[in-house]
Amino acid sequence: MKPQTETAARILLWLTVGYIVVLSAAAAAAPLLAPADPLLQNLPARFAPPGSPAYPLGADDFGRDVLSRIIYGARAALLVGLVSVGIALAIGLVIGLTAGLLEGPVDSALMLLMDAVLSFPTVLLAITVVSVFGYGLAQVMAAIGVIFSPLFARIIRAETLTLKHEPYVMSAYALGTPLRRIVAVHLLPNMLPKIVVQCTVAFALAIVIEASLSFLGLGAQPPQPSWGLMLRNARNYLFDAPWLAFYPGLAIGLTVFSFNLLGDLLNELLQIRR
């Protein structure tokens with residue numbers, strides 16, 4: 001890749017990281033940044049249009065401040081992404097390393113299980129799991145974590161099968177280095193770049209799935225602030241109050257685009273270094 005292209009990719013990477021950092025900071029400091037309580041109802045101000053000092057992005061059908069609900073909704077979106085990806089990574093790490101190190105029948109059995117999970121449509125499987133265990137963000141995070149675990153397991157297994165035959169790993173085996181040290185010192189650090197890229201992509205998908213389930217009434221429950229729940233409430237007022245759908249939709253789109261772009265840019269920059 002040309003130096004100019006690499007420089008542009010780095011600039012775009014920092015802009016993307018900047019947006020994610022600002023969003024995360026806003027979510028963490030929501031009580032300080034939100035102009036109003038996201039649950040506070042003011043029925044006389046129902047459908048107040050954007051632009052007023054009291055309601056910069058307008059008010060919803062209960063007179064609640066849209067900006068405040070979007071800021072607090074970022075908490076739910078980022079929390080679901082962080083926890084669900086953490087669960088998926090933990091499960092995938094155990095299964096991927098076990099399959100890659102042991103190979104043989106154990107590898108075949110574990111990968112068959114992962115393929116069985118991958119064979120189901122993602123959103124449909126999430127709906128099934130949430131319907132069985134109940135509605136709410138905790139159930140959504142657990143469901144997404146289990147559903148995404150095969151993606152990490154397959155990547156970690158493939159990297160393990162490749163890395164364990166490298167000369168430095170074989171030397172560590174020959175010297176009698178404990179397996180846990182080989183994994184911690186030689187395997188995990190070298191597969192970390194691909195894991196990080198997969199985490200960014202899975203994070204974006206988790207936000208979309210959470211918003212989809214909340215829109216269907218299976219995720220966050222009223223009156224909890226959630227971007228998907230805000231879209232669900234706005235569907236009956238698309239012509240009378242279009243801002244109710246525009247701003248949460250924009251928040252979802254920008255956030256998902258940023259994490260997807262971050263994954264693509266990281267992957268591209270890692271290939272440049274190779």
Closest non-hydrogen atom pair, [X] against [Y]:
| X | Y | answer |
| --- | --- | --- |
| Ala206 | Val80 | O-CG1, 4.1 Å |
| Glu210 | Ser226 | OE2-OG, 3.2 Å |
| Ala48 | Tyr55 | CB-CD1, 4.1 Å |
| Pro31 | Tyr72 | CA-OH, 3.3 Å |
| Phe215 | Arg235 | CZ-CD, 4.1 Å |
| Leu238 | Ala245 | CD2-CB, 3.6 Å |

Working to the nearest 0.5 angstrom, can you tell me the gap between [X] [atom1] and [Y] [atom2]?
| X | Y | atom1 | atom2 | result |
| --- | --- | --- | --- | --- |
| Tyr237 | Asp61 | OH | CG | 4.0 Å |
| Leu218 | Leu213 | CG | CG | 6.0 Å |
| Leu79 | Ser84 | CG | OG | 9.0 Å |
| Leu13 | Leu266 | CG | CG | 5.5 Å |
| Asn260 | Phe203 | CG | CZ | 12.0 Å |
| Asp65 | Leu39 | CG | CG | 11.5 Å |

* Under the side-chain contact (heavy atoms from CB on, under 4.5 Å) criterion, do Ile87 and Phe148 qualify, and how do the steps go? -> CA-CA 9 Å; Ile87 293 173; Phe148 283 175; over 6 Å; no

Donor-acceptor check, side chain of [X] to backbone of [Y], threshold 3.5 angstrom: yes or no?
| X | Y | value |
| --- | --- | --- |
| Arg69 | Pro38 | yes |
| Glu103 | Leu101 | no |
| Thr177 | Ile182 | no |
| Thr98 | Ile95 | no |
| Ser214 | Ala220 | yes |
| Arg157 | Gly100 | no |

Single-linkage hydrophobic cluster, 4.5 Å side-chain cutoff, [X] and [Y] together:
| X | Y | result |
| --- | --- | --- |
| Phe62 | Tyr247 | no |
| Leu151 | Val94 | no |
| Ile144 | Leu229 | no |
| Leu250 | Ile207 | yes |
| Tyr173 | Val185 | no |

Flag the pair [X] / [Y] as yes when at least one side-chain heavy-atom distance between them is below 4.5 Å, and no otherwise.
| X | Y | result |
| --- | --- | --- |
| Asp107 | Leu102 | no |
| Phe259 | Ile20 | yes |
| Tyr19 | Leu15 | no |
| Ser68 | Asp37 | no |

Using a 3.5 Å cut-off and no angle test, enumerate the donor-acceptor pairs between side-chain atoms of residues 113-132 and protein atoms at least two apart in sequence or in another chain.
residue : atom : partner : partner atom : Å
Asp115  : OD1  : Arg154  : NH1          : 2.5
Ser119  : OG   : Ala116  : O            : 2.5
Thr128  : OG1  : Leu124  : O            : 2.9
Ser131  : OG   : Ile127  : O            : 2.6

* For Phe47 and Asp240, run side-chain contact (heavy atoms from CB on, under 4.5 Å): C-alpha distance rounded to whole Å, both residues' side-chain angles, the deciding distance at 0.1 Å, then the answer. => CA-CA 8 Å; Phe47 304 118; Asp240 298 327; over 6 Å; no

* **Trace of the side-chain contact (heavy atoms from CB on, under 4.5 Å) decision for Asn233 with Asp60** => CA-CA 9 Å; Asn233 295 335; Asp60 65 8; 5.7 Å; no

* Would you check, one step at a time, whether the test side-chain contact (heavy atoms from CB on, under 4.5 Å) holds for Glu159 with Ile195? => CA-CA 10 Å; Glu159 289 295 298; Ile195 292 176; over 6 Å; no

* To do: Return the orientation label for the Tyr168 and His186 ring planes: parallel under 30°, perpendicular over 60°, tilted otherwise.
  =>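 Answer is tilted, since the angle falls between 30° and 60°.
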
